[in-house]
Amino acid sequence: MNDEQKHETATGQPKLFCFGLGFSALTLGQRLLGKGWRVAGTTRSQDKAEHLRAQGFETWLFDPERPLADAETALAGTQYLLSSVPPLPVGDPVLAAHGEAIARLPETSWIGYLSTTGVYGNADGGWVDEDSPIQPSGERGRRRADAEAAWLELGQRSGRPVHLFRLAGIYGPGRNQLESLKRGKARRIHKPGQVFSRIHVEDIAAVLEASMARPAGEGLQRLRRRAVRSRRGRELCRRSAGRRTAAPRSVRGG
């Protein structure tokens with residue numbers, strides 16, 4: 001740890017490190033930067049790293065084929081660590097490259113992992129909650145379930161609380177039905193009884209921040225704001241747009 005990092009840690013300026021500064025992690029990071037936090041994280045491209053650096057982020061390059069060039073420096077002073085990097089067929093790339101370094105971090109009091117409700121698998125139309133069994137029905141769901149178990153094992157081995165966040169469909173600025181309507185790509189799906197779970201990216205950031213404020217103990221959150229029928233959600237978006245967009249194309253679900 002260099003002198004500047006020692007000073008920042010000593011003065012109590014909290015540091016969050018995010019493996020994967022994607023839609024959700026970036027929203028959380030921007031929220032915390034505005035509150036005086038140090039926020040560091042990874043991206044896969046140099047261009048994005050420079051763009052985020054200009055916004056105040058400390059950025060590092062990382063992908064499954066390219067671990068952190070200097071993990072000790074990148075992770076130094078990390079009190080809160082979040083991973084949103086999806087698993088590979090061979091396992092979680094963050095844990096494979098830097099699991100031992102994360103387990104040895106002396107100041108980390110909270111670890112979060114962004115997973116998906118896909119770990120519950122096919123419930124045949126039934127509802128699921130945090131107490132539902134993990135029964136992934138597809139390969140991607142199985143990878144997520146294995147990654148969750150690996151992160152929990154790291155927490156138990158290192159004595160760090162690991163919090164899992166199983167996210168439903170995420171929407172927010174630039175990623176919502178209004179944008180789909182504007183681009184003419186919205187579809188109205190006719191499938192009796194089908195509903196979709198959605199959560200706004202700002203709500204995800206708020207939940208993560210609240211969890212970080214109370215880091216003790218492991219936790220599991222299945223994050224959704226509201227379940228809504230597909231046709232109803234698209235019609236509400238169209239009304240919100242003042243019906244200035246074409247009606248979405250109808251598709252019958254199987």
Side-chain angles (χ1 to χ4, degrees), residues 17-28 41-44 62-68 81-103 108 110-172 175 189 191 193-199 201 203-204 207-208 211 217-227 230 253-254:
F17 190 97
C18 300
F19 277 99
L21 283 168
F23 194 41
S24 298
L26 189 57
T27 300
L28 172 66
T42 70
T43 183
R44 301 176 67 151
F62 173 86
D63 64 43
E65 304 299 324
R66 178 176 49 188
L68 292 171
L81 186 141
L82 177 69
S83 177
S84 62
V85 177
L88 301 174
V90 294
D92 187 287
V94 173
L95 293 178
H98 303 297
E100 292 306 312
I102 292 170
T108 302
W110 181 93
I111 295 174
Y113 178 67
L114 300 188
S115 185
T116 169
T117 54
V119 299
Y120 296 115
N122 182 7
D124 292 322
W127 294 89
V128 297
D129 59 24
E130 289 79 3
D131 296 322
S132 299
I134 303 303
Q135 298 176 332
S137 52
E139 179 60 28
R140 292 176 64 183
R142 284 190 285 271
R143 292 180 197 173
R144 285 289 187 180
D146 290 344
E148 286 186 3
W151 278 100
L152 290 174
E153 191 277 330
L154 177 140
Q156 292 168 357
R157 176 162 45 89
S158 64
R160 305 294 201 289
V162 172
H163 298 256
L164 306 177
F165 300 88
R166 294 175 182 156
L167 306 180
I170 305 170
Y171 71 100
R175 189 185 294 188
I189 299 175
K191 189 171 183 180
Q194 185 180 41
V195 296
F196 292 88
S197 288
R198 295 286 185 259
I199 184 167
V201 68
D203 290 329
I204 294 172
V207 169
L208 291 172
S211 176
E218 294 179 346
L220 166 63
Q221 296 291 331
R222 183 176 62 89
L223 299 188
R224 68 175 179 84
R225 184 64 175 170
R226 185 183 181 187
S230 174

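With sequence neighbours excluded, the residues that form a salt bridge (Lys or Arg N to Asp or Glu O under 4.0 Å) with D63 are R66. D146 meets the side-chain hydrogen bond (donor to acceptor under 3.5 Å, both in side chains) test with no other residue; sequence neighbours excluded. Partners of S115 under the side-chain contact (heavy atoms from CB on, under 4.5 Å) rule, at least two apart in sequence or in another chain, are Y113, V119, R144, E148, R166. The side-chain contact (heavy atoms from CB on, under 4.5 Å) test applied to A150 returns L95, not counting sequence neighbours. Qualifying salt bridge (Lys or Arg N to Asp or Glu O under 4.0 Å) partners for R157, counting only residues two or more places apart in sequence or in other chains: E100, E153. Residues meeting the salt bridge (Lys or Arg N to Asp or Glu O under 4.0 Å) test with E139, sequence neighbours left out: R142, R143.
The two residues S84 and A25 come nearest to each other via the heavy atoms OG-CB, 4.3 Å. The nearest pair of heavy atoms linking S24 to V201 is CA-CG2, 3.7 Å. Heavy-atom minimum distance, P133 versus Y120: O-CD2, 3.7 Å. In this structure, P87 and A147 approach most closely via the heavy-atom pair CB-CB, 4.0 Å. Smallest separation of non-hydrogen atoms from I134 and A145: CG2-CB, 3.8 Å. Minimum heavy-atom separation, P86 to P93: O-CD, 3.6 Å.
Note that CD1 of I111 and CZ of F17 are 12.5 Å apart. Values are rounded to the nearest 0.5 Å. Rounding to the nearest 0.5 Å places OG of S83 at 7.5 Å from CD1 of I102. Separating the CZ atom in F19 from the CG atom in L82 is a distance of 10.5 Å, to the nearest 0.5 Å. Atoms OG1 and CD1, on T27 and I204 in that order, are 8.0 Å from each other to the nearest 0.5 Å.
Judged by distance alone, the side chain of H98 and the main-chain N or O of L68 form a donor-acceptor pair under 3.5 Å.
The aromatic rings of F165 and W110 sit tilted, their planes meeting at an angle between 30° and 60°.
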**Message:** Using side chain to side chain contact (heavy atoms under 4.5 Å, CB included), reason through W151 and V94 one step at a time and then give a plain yes or no.
**Reply:** CA-CA 10 Å; W151 278 100; V94 173; 3.9 Å; yes

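Checked against L114 for a side-chain contact (heavy atoms from CB on, under 4.5 Å), the options L208, L164, I170 give a single hit: L208.
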